[in-house]
Amino acid sequence: MTKYKSIKRHLGSCRTLWQSAIPATLTDSEISSRVIDDRNILRRSLNSSKFGLHVLDLIQCGSLQPDRSLYNTLLKRCTQLGKLKEGKLVHFHILNSEFKDDLVIQNSVLFMYARCGSLEDARRLFDEMPCRDMVTWTSMITGYAQNESANDALVLFPEMLREGAKPNEFTLSSLVKCCGFIASYGYGKQIHACCWKFGCHSNVFVGSSLVDMYARCGYLGEARLVFDELGCKNEVSWNALITGHARKGEGEEALAMFVRMQREGYKATEFTYSALLGSCSSMGCLEQGKWLHAHLMKSGKKLVGYVGNTLLHMYAKSGSIWDAEKVFGKLVKVDIVSCNSMLIGYAQHGLGKEAVQHFEEMIRFGIVPNDITFLSVLTACSRARLLEEGKHYFGLMRKYNIEPEVSHYTAIVDLLGRAGLLDQAKSFIERMPIEPSVAIWGALLGACKMHKNTKMGAYAAQRVFELDPSYPGTHTLLANIYASVGRWEDVAKVRKIMKDSGLKKEPACSWVEIENSVHVFVANDLAHPQRDKIHKLWEELNQKIKEIGYVPDTSHVLLFVDQQDKELNLQYHSEKLALAFALLNTPPGSIIRIMKNIRVCGDCHSAIKYVSLVVKREIIVRDTNRFHHIRDGSCSCGDYWLTRLSILLAFRSCTAL
DNA sequence: CTAGGGTTAG
């Protein structure tokens, strides 16, 4: 409550500041009282006011005959402000003036249309123009590039060359951007060659977009090469490279470049911080994120726009939801993204009440919720078993004219199912106006598992199985199931399907951040330097947790092995290795944070709960679904989760495989 | 008259 009040107050003072900062502009009457063709005054007025509508009025009523330069200024203003309607009006006037065949004016009109998002108008004009120069072509290409129509821009380029127009650095940087957008390394290299041919390769704009293009195509090495050869660099060039590394999950390289950037005298911008913080959130690097936060504050930057939101997201995604709240309170401007990030954070931490409160406050604050907002709040409600609230918000979607998508329906099935209303959940699925998805049946199955309803569970499991022909994990597991009952022909069939469709199973891994470096583990990791210590620790822990009640759950292992081997297999799941490593390398009493790229395994979850009792530590596990805050032997998730494995196990147990 | 880099769920 209070945080919103303080923001409102803050915004209030900003507004008055902003108003007083506007230079005095001419009013309509002031303009009329002056000599009408004092065009300098008009132009100044045009540039300093929000939009020179009064100037437009004067043209409309015929009391002003603009010259070429005033038309251009008007068009430029329309372009800058994205005023399509006004721009069209100006175009209309131009068509009735002596400048209708003026190439420069036509180019400005074309670009105005393109920049205002009306590519049809731009293209119509482009096609009708009797003669086109390089700027015409460039404006059209740029227009396509900025409106995400990369292919349209790229096909225009050969036509341009055929007509004998020579591209310049403006044309080429736009084209390079297009190649990056569609991540086409092939086209990218060809355009790169053109940059050399037309002597634009050393231009900063072209160079920066080349760096970005290669990075987007996944060729960081070539991006680096172009970057190093770039004689004239600026912040954007650095950011393109840093963002490239960050996007690819190469946080360490990104950070190294960040350090180098500053050593070489370039100032980090909001873009730089956003990219780095973004990579911290996906990796869950809280310590590095905090360091960047401090760095950001020291640089004197305000938490505006993207940076603020990425910082907030970093804390939420790294498991520090209360720090995220603090950042939220310090944002200069709260928008839908900040609110959604908070809601998603609450949902992932199972904080239903906080999510509901946050939702209500954002509505009061006047922020219009979108589909993500509703999905987040519904998820939060279902996880916290806030049945009535969840139903209420689902109904509220209609009022905001948001058509529920399959994900929203899934959340409701989950909500009803967790509350034990299995029949309601089932009939809800049957009454749904859209086709139920795998996730929907999965949610019902999860609920059946939770409330031990085997009959409906079998039904749901079959639906899941029918609808999920393409998921890589399904095939691997299915092959395992067939193998375990000796149906080798079926195994071969599944393997063939996998091979034909090029499906690959992503290896499961876990990681921890210790003293600014990330340590990654895969199951049965044999290569780690501390391997022996880790295994020894687990031997001890296993003994201790078994004494206080831990029973290894071997049902999750689908291999042809005897009981002892199964236990051995479980023991070295990646999250367990990461935990042992963290226990060995962190000070006593500190919170341990483990990240995992798939959902945490049921046996490991149980083992970690017992370990939290033995070692008296708080352990936070972030998997792809949510945060597990494990302390004193219990977990914030309330032991509810559903893995693909358990779906298939349910399926196997209820069919005669 | 024309150009390059960024956040949000499952």
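Quantities reported herein were computed from a predicted structural model and do not represent experimental measurements.
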*Using a strict 4.0 Å threshold on nitrogen-to-oxygen distance, state whether A/Lys166 and A/Asp133 make a salt bridge.*
no
_If we check ring-ring contact (aromatic ring centres under 6.0 Å, His included) with A/Trp137, which of these qualifies: A/Phe157, A/Phe126, A/Phe170?_
A/Phe126
*Range on DNA chain B touched by chain A - first to last nucleotide, heavy-atom distance under 4.0 Å*: B/dC1 to B/dG10
*Pick base, sugar-phosphate or nothing for A/Arg247, based on heavy-atom distances below 4.0 Å to the nucleic acid.*
sugar-phosphate
*Contact class for A/Val204 (heavy atom, under 4.0 Å): base, sugar-phosphate, or nothing?*
base
*Could you tell me whether A/Thr142 contacts a base, only the sugar-phosphate backbone, or nothing, with contacts defined as non-hydrogen atoms closer than 4.0 Å?*
sugar-phosphate
_Under 4.0 Å, heavy atoms only, any strand: does A/Leu375 hit a base, just the sugar-phosphate, or nothing?_
base
*Touch check for A/Asn234, heavy atoms < 4.0 angstrom, all strands: base, sugar-phosphate only, or nothing?*
base
*What are the two closest non-hydrogen atoms of A/Cys116 and A/Lys83, and how far apart are they?*
SG-N, 3.9 Å
*Indicate, with a heavy-atom threshold strictly under 4.0 Å, whether A/Ser108 touches base, sugar-phosphate, or nothing.*
sugar-phosphate
*Looking across every strand, which nucleic acid part, if any, lies under 4.0 Å from A/Gln106 by heavy atom: base, sugar-phosphate, or nothing?*
nothing
*Run the ring pair (Phe, Tyr, Trp, His ring centres under 6.0 Å) check on A/Tyr306 and A/Tyr273 step by step: do they pass?*
CA-CA 9 Å; A/Tyr306 288 107; A/Tyr273 289 107; over 10 Å; no
*Look at all strands and tell whether A/Phe111 reaches a base, only sugar-phosphate, or nothing, counting heavy atoms closer than 4.0 Å.*
sugar-phosphate
*When all nucleic acid strands are considered with a 4.0 Å heavy-atom cut-off, which category describes A/Asn370: base, sugar-phosphate, or nothing?*
nothing
*Among A/Phe359, A/Tyr400, A/Phe374, find the one that has a ring-ring contact (aromatic ring centres under 6.0 Å, His included) with A/Tyr393.*
A/Phe359
*Could you verify whether a donor N or O on one side chain and an acceptor N or O on the other, from A/His408 and A/Asp371, lie under 3.5 Å apart?*
no
_Residue pair A/Ser318 / A/Leu286: nearest heavy atoms and the distance that separates them_ = CB-CD1, 3.8 Å
*Mind checking A/Thr269 for me? I need base, sugar-phosphate or nothing, with any heavy atom below 4.0 Å counting as a touch.*
base
*Within the structure shown, what part of the strands sits under 4.0 Å from A/Gln146 by heavy-atom distance: base, sugar-phosphate, or nothing?*
sugar-phosphate
